[in-house]
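Everything quoted here is computed from the prediction, not taken from an experiment. Numbered from 1 within each chain, the chains take letters A, B, ... in sequence-line order. As a basis for the values below, the full set of heavy atoms in this structure was taken, side chains included, without hydrogen atoms, waters or symmetry mates.
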Amino acid sequence: MPEGHTIHRMARRQRRDLAGRATTSSSPQGRFAAGAARIDGAVLTDIDAIGKHLFHRFGDETVHVHLGLFGRFRRVLGDDAAPPSENTRWVLAVDGIEWRLSGPTACELMDPAAEEALRARLGPDPLAGDDASPFLDALGRTRRSIGDVLLDQSVIAGVGNVYRAEVLFLAGIDPRRPATELAADESRAIWEIAGSQLAAGERAGRIVTVEPADVGVGRRADIPRGERLYVYKRDGRPCRRCGTGIASAESAGRSIWWCPGCQA
DNA sequence: GCTGCATGATGAA
DNA sequence: TCATCCTGCAGCA
């Protein structure tokens, strides 16, 4: 689930439910028990999203959450809902609404110095309206391929394995190309496309990169499930645009897919 | 019931 | 580059 679009969407929805209200916190699993006790009853002042990181503010206290590969925040309504599972790390609630967190890589109280250090190692986040220059500069300074670099959160924050593949398809760029060899307009296009795709994902609550016409429908809403992406996990299948078989390889320790026809 | 896999990141080697 | 952490679920027997 969680690339940057999910995180920003989560921040927005939680803000709507919880911001400005006195909240209760608990940790059914126990691993966040001490932290939850510190903020139990506190007013949630705000929530910030940066890349794939969430910062819940309770006055002077901040909870840092990173979902990792399979963390989830679930919204549960009603007082008669089933109790949270034993794996629930954190329950953040107001009357009638619970947000239940399970499986995160990080859920911890974080002091300002630690947060500053964390932010310092994140690249610009296109969803946060950040300036592109640090990203563009970083591309010129690395020996790595553009596919590798797009997963590096210190270069661009918020892009994950689905978006890196889909963005490079939409930009028509082979993921194996060295980042330094990209033309200025290609680098700029990657930034712009990443930003618009992440924003669309945040609005829709899911990743849909294909144009309706490429799967033979008229409206975005009619794109069938399973046909929402161009290349991600489609190795061997024909490109939706040119029919060439989708290729795959390892890049930065993860799989990546691309169309050898469209991304020559 | 078991296995394997997943839109992530880190620390050791 | 590898091992490790975190959980849920699809696909199998």
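- Look at A:Ser102 and you'll find a side-chain N or O under 4.0 angstrom from OP1 or OP2 of C:dG8.
- The 5' end of DNA chain B is approached more closely, in terms of each residue's nearest nucleotide, by A:Lys233 than by the other of A:Lys233 and A:Leu118.
- Under the side chain to side chain contact (heavy atoms under 4.5 Å, CB included) rule, A:Phe58 has a single partner from A:Val43, A:Asp46, A:Leu44, A:Leu109, which is A:Leu44.
- The listed nucleotides are B:dA9, C:dC9, B:dT7; the one nearest the side chain of A:Pro2 is B:dT7.
- Of the N and O atoms on the side chains of A:Ser25 and A:Asp40, not one donor lies less than 3.5 Å from an acceptor on the other residue.
- Heavy atoms of A:Gln29 sit under 4.0 angstrom from primed sugar atoms or phosphate atoms, though from no base atom.
- Within 4.0 Å (heavy atoms only), A:Tyr232 reaches sugar-phosphate atoms of the nucleic acid but no base atom.
- For A:His5, the listed nucleotide lying nearest its side chain is B:dT7; candidates were B:dA9, B:dT7, C:dT7.
- Closest heavy-atom contact between A:Glu61 and A:Ile39: CB-CG2, 3.9 Å.
- Across all strands shown, B:dT7 forms no Watson-Crick or G-U wobble pair with both key distances under 3.5 Å.
- Side-chain nitrogen and oxygen atoms of A:Arg254 include at least one within less than 4.0 Å of the OP1 or OP2 phosphate oxygen of B:dT7.
- Between A:His66 and the phosphate of B:dG8, there is no side-chain N or O to OP1/OP2 separation shorter than 4.0 Å.
- Dashed line: the shortest gap from a side-chain N or O of A:Asn161 to OP1 or OP2 of B:dG8 is not under 4.0 Å.
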